[in-house]
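What follows is a set of notes on a single structure, which appears directly below.
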2 protein chains.
Amino acid sequence: MEGLESNKTEQQILEAAYRVFQKKGKAGARMQEIADEAGINKSMLHYYFRNKDSLFKKIFLQSITEFLGSVIPLINDQETTWEEKIKGLIGHYINFMRHRPDLPFFVMNEINQNSVEFFNHLNLNIGSTLMNSYFFIQLQEEMKAGKIRNLNPLQIFISILSNVIFPFIAAPMIKRVGKMSDEDWDSFISQRELFTSELIINYIVKI
Amino acid sequence: MEGLESNKTEQQILEAAYRVFQKKGKAGARMQEIADEAGINKSMLHYYFRNKDSLFKKIFLQSITEFLGSVIPLINDQETTWEEKIKGLIGHYINFMRHRPDLPFFVMNEINQNSVEFFNHLNLNIGSTLMNSYFFIQLQEEMKAGKIRNLNPLQIFISILSNVIFPFIAAPMIKRVGKMSDEDWDSFISQRELFTSELIINYIVKI
DNA sequence: GTCTATAGCGAGATAGAC
DNA sequence: GTCTATCTCGCTATAGAC
């Protein structure tokens with residue numbers, strides 16, 4: 001029973017820390033705020049996670065894994081065409097960003113802030129995974145066969161991310177510039193999914 | 001003479017604050033670090049700018065103006081076609097990001113952190129400027145005439161920004177994934193300029 | 001495991017000599 | 001205008017009772 005209780009507390013802290021760190025960043029987050037958000041005494045944070053740094057590290061690792069890890073099955077799916085993969089990636093990230101609008105910003109911000117060593121240290125071999133992915137192989141084969149435009153697959157992949165993630169990062173600015181209500185924003189994002197799919201695929205296939 | 005001296009000191013502080021705030025963000029920046037960067041005694045920061053908040057406000061306002069203001073002449077140029085404007089925008093931002101890779105990230109981060117009121121308070125009427133720009137008018141006319149695809153001009157504009165700015169925001173991640181040296185990165189960015197131009201224009205013109 | 005009280009320190013801000 | 005010394009406060013972290 002004690003074990004369960006402690007797990008519950010620990011879990012509440014983690015969930016609160018997840019929200020606060022992503023919203024405020026490491027430097028801007030306050031241990032007191034995390035404690036309040038969790039409805040738990042501040043000293044419990046230290047009891048379970050020793051200090052701010054190690055709590056942050058846990059959250060950051062979880063965040064970056066969610067952000068990058070979720071695409072791996074998608075890009076290595078043997079059953080889908082490259083075109084379906086592109087649509088799948090765009091749909092996945094639109095959906096992801098709708099639920100966690102702060103996450104990619106948080107991840108990239110902290111990578112920029114903390115030394116690169118820290119980032120290298122948690123060795124997520126995303127690199128080779130992406131460059132050797134079935135998605136990239138498919139694209140290269142189609143290019144060799146002259147069926148699609150001859151392009152750098154990494155540029156294609158970055159374009160997908162750019163078009164879907166950036167709008168969420170710039171959301172406050174876009175809402176203001178476009179004088180959008182929350183419903184306007186929702187439909188803008190729905191439109192964006194289609195827009196991006198067509199934008200990218202159209203460019204790739206045109207000879 | 002005194003006036004000149006003080007201006008010089010003030011200027012050095014501003015330049016140092018510009019760099020430090022953009023790199024570390026408001027919460028992460030230290031007054032001591034700004035002073036060191038400027039080669040100037042810490043108390044001088046308070047002498048000239050009263051406190052951290054007001055120094056930050058100055059830098060933020062300058063940053064957001066640089067970021068948004070520089071495009072206004074471009075999108076309202078009466079002498080260029082919509083196609084030239086797109087190429088111009090892409091070229092401008094690639095060049096801009098090369099010299100100030102931290103700026104857009106900084107601006108958008110602080111907009112997210114600080115309350116929206118603060119952002120509203122510095123009323124830069126970018127909104128109506130963009131939506132009523134000559135660029136948007138040109139696009140709408142071409143659409144009405146059936147010469148280009150019928151699209152939301154704001155989606156087009158956001159796509160331009162996304163494809164050019166996001167890669168710089170995600171630079172450390174991209175470099176790592178692509179195992180890039182600094183020269184690799186440079187050529188990736190050069191390639192990106194062409195890629196983005198073709199990507200966008202190709203989609204717009206295809207009937 | 002959970003709480004209260006408090007130590008310790010870093011950072012922003014000020015006082016005051018020059 | 002510029003410097004040194006110092007105040008003050010907020011935040012992380014710990015001690016210790018229960």
Side-chain angles (χ1 to χ4, degrees), chain A residues 1-63 106 109-110 113-115 118, chain B residues 1-63 106 109-110 113-115 118:
Chain A
M1 225 33 184
E2 272 175 12
L4 273 179
E5 289 302 311
S6 80
N7 278 341
K8 193 181 156 221
T9 302
E10 199 173 334
Q11 198 53 35
Q12 281 172 329
I13 294 173
L14 282 171
E15 284 165 17
Y18 185 86
R19 287 192 294 274
V20 174
F21 273 129
Q22 283 188 18
K23 198 154 201 67
K24 303 291 181 72
K26 181 182 171 184
R30 296 285 162 258
M31 294 294 265
Q32 185 63 60
E33 191 181 351
I34 294 173
D36 293 346
E37 177 90 10
I40 274 168
N41 191 287
K42 182 162 69 95
S43 54
M44 288 294 93
L45 305 196
H46 292 95
Y47 178 79
Y48 283 105
F49 300 98
R50 218 182 116 79
N51 57 31
K52 188 181 177 179
D53 253 36
S54 77
L55 178 55
F56 167 77
K57 211 168 245 183
K58 250 199 158 68
I59 299 298
F60 180 75
L61 189 60
Q62 184 192 341
S63 301
F106 166 71
N109 194 16
E110 300 300 338
Q113 298 305 323
N114 296 276
S115 65
F118 169 61
Chain B
M1 227 34 185
E2 273 176 8
L4 273 178
E5 288 302 312
S6 81
N7 279 339
K8 194 182 155 218
T9 302
E10 199 173 333
Q11 199 53 35
Q12 281 172 330
I13 294 172
L14 282 172
E15 283 165 18
Y18 185 87
R19 287 192 294 273
V20 175
F21 273 129
Q22 283 188 19
K23 197 152 201 69
K24 303 291 182 73
K26 181 182 172 184
R30 297 286 163 257
M31 294 294 266
Q32 185 63 59
E33 191 180 352
I34 295 173
D36 293 346
E37 177 90 10
I40 273 167
N41 191 287
K42 180 162 72 96
S43 53
M44 288 292 94
L45 307 195
H46 292 94
Y47 178 77
Y48 283 105
F49 299 99
R50 217 183 118 80
N51 57 31
K52 188 181 179 181
D53 254 36
S54 77
L55 178 56
F56 167 76
K57 211 168 246 184
K58 249 198 159 68
I59 299 299
F60 180 74
L61 189 61
Q62 183 193 340
S63 301
F106 166 71
N109 194 16
E110 299 302 337
Q113 297 305 321
N114 295 276
S115 66
F118 169 61

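So you know, we letter chains A, B, ... as the sequences are listed, proteins then strands, and number each from 1. The analysis underlying the following values was restricted to heavy atoms, covering all of them including side chains, and did not include hydrogens, waters or symmetry mates.
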(message) Tell me the bend of the helix from C:dG1-D:dC18 to C:dC18-D:dG1 as the angle between end helix axes, each from five pairs, rounded to the nearest 10 degrees.
(response) 10°
(request) For the pair A:D53 (side chain) and A:F56 (backbone), establish whether a donor and an acceptor sit closer than 3.5 Å, ignoring hydrogens and angles. (result) no
(request) Report yes or no: does B:Q62 contribute a side-chain atom to a donor-acceptor pair with the main-chain N or O of B:K57 at less than 3.5 Å? (result) no
(message) Any side-chain N or O of B:H46 below 4.0 angstrom from OP1/OP2 of C:dA13?
(response) yes
From [atom1] of [X] over to [atom2] of [N], roughly how many Å is that when rounded to an integer?
{"X": "B:E10", "N": "D:dT2", "atom1": "CD", "atom2": "P", "result": "10 Å"}
{"X": "A:Y47", "N": "C:dT2", "atom1": "OH", "atom2": "C1'", "result": "9 Å"}
{"X": "A:M44", "N": "C:dT4", "atom1": "CE", "atom2": "P", "result": "11 Å"}
{"X": "A:L45", "N": "D:dT12", "atom1": "CG", "atom2": "P", "result": "9 Å"}
{"X": "B:Q12", "N": "D:dG1", "atom1": "CD", "atom2": "P", "result": "14 Å"}
{"X": "B:R50", "N": "C:dA15", "atom1": "CZ", "atom2": "P", "result": "11 Å"}
{"X": "B:I13", "N": "D:dG1", "atom1": "CD1", "atom2": "P", "result": "11 Å"}
{"X": "A:F56", "N": "D:dT12", "atom1": "CZ", "atom2": "P", "result": "14 Å"}

Can you confirm whether [X] sits close enough to [Y] that some side-chain heavy atom of one is under 4.5 Å from a side-chain heavy atom of the other?
{"X": "B:L55", "Y": "B:K52", "answer": "no"}
{"X": "B:N41", "Y": "B:Y47", "answer": "no"}
{"X": "A:E37", "Y": "A:R19", "answer": "yes"}
{"X": "A:K26", "Y": "A:Q113", "answer": "no"}
{"X": "A:L14", "Y": "A:F49", "answer": "yes"}

Return the nearest nucleotide to the side chain of [X]; candidates are [options].
{"X": "B:N41", "options": "D:dT2, D:dT4, C:dG1", "value": "D:dT4"}
{"X": "A:K42", "options": "C:dA13, C:dT2, D:dA13", "value": "D:dA13"}
{"X": "B:K52", "options": "C:dG12, D:dA13, C:dT2", "value": "C:dG12"}

Shortest non-hydrogen separation from [X] to [Y] and the atoms involved:
{"X": "A:F21", "Y": "A:I59", "result": "CD1-CG1, 3.9 Å"}
{"X": "A:A29", "Y": "A:V20", "result": "CB-CG1, 3.9 Å"}
{"X": "A:I40", "Y": "A:Q12", "result": "CD1-OE1, 3.3 Å"}
{"X": "A:F106", "Y": "A:S63", "result": "CE2-OG, 3.6 Å"}

(message) Tell me every residue that passes salt bridge (charged side-chain N to carboxylate O under 4.0 Å, His left out) with B:E110, counting only those two or more places apart in sequence or in another chain.
(response) none
(request) Using the ring pair (Phe, Tyr, Trp, His ring centres under 6.0 Å) rule, collect all pairs that involve residues 24-46 of chain A, keeping only residues at least two apart or in two chains. (result) none
Polar-atom pairs under 3.5 Å, protein N or O versus N or O of nucleotides 16-18 of chain C: list them with distances, or write none.
none

(request) Would you jot down, in residue-number order, the residues of residues 21-30 of chain B having a non-hydrogen atom under 4.0 Å from DNA chain C? (result) B:A29, B:R30
(request) With a 4.0 Å heavy-atom cut-off, tell me which residues in residues 31-38 of chain A come close to DNA chain C, sorted by residue number. (result) none
(message) If we count only N and O atoms by modelled type, under 3.5 Å, do the side chains of A:Q32 and A:D36 hold a donor and an acceptor together?
(response) yes
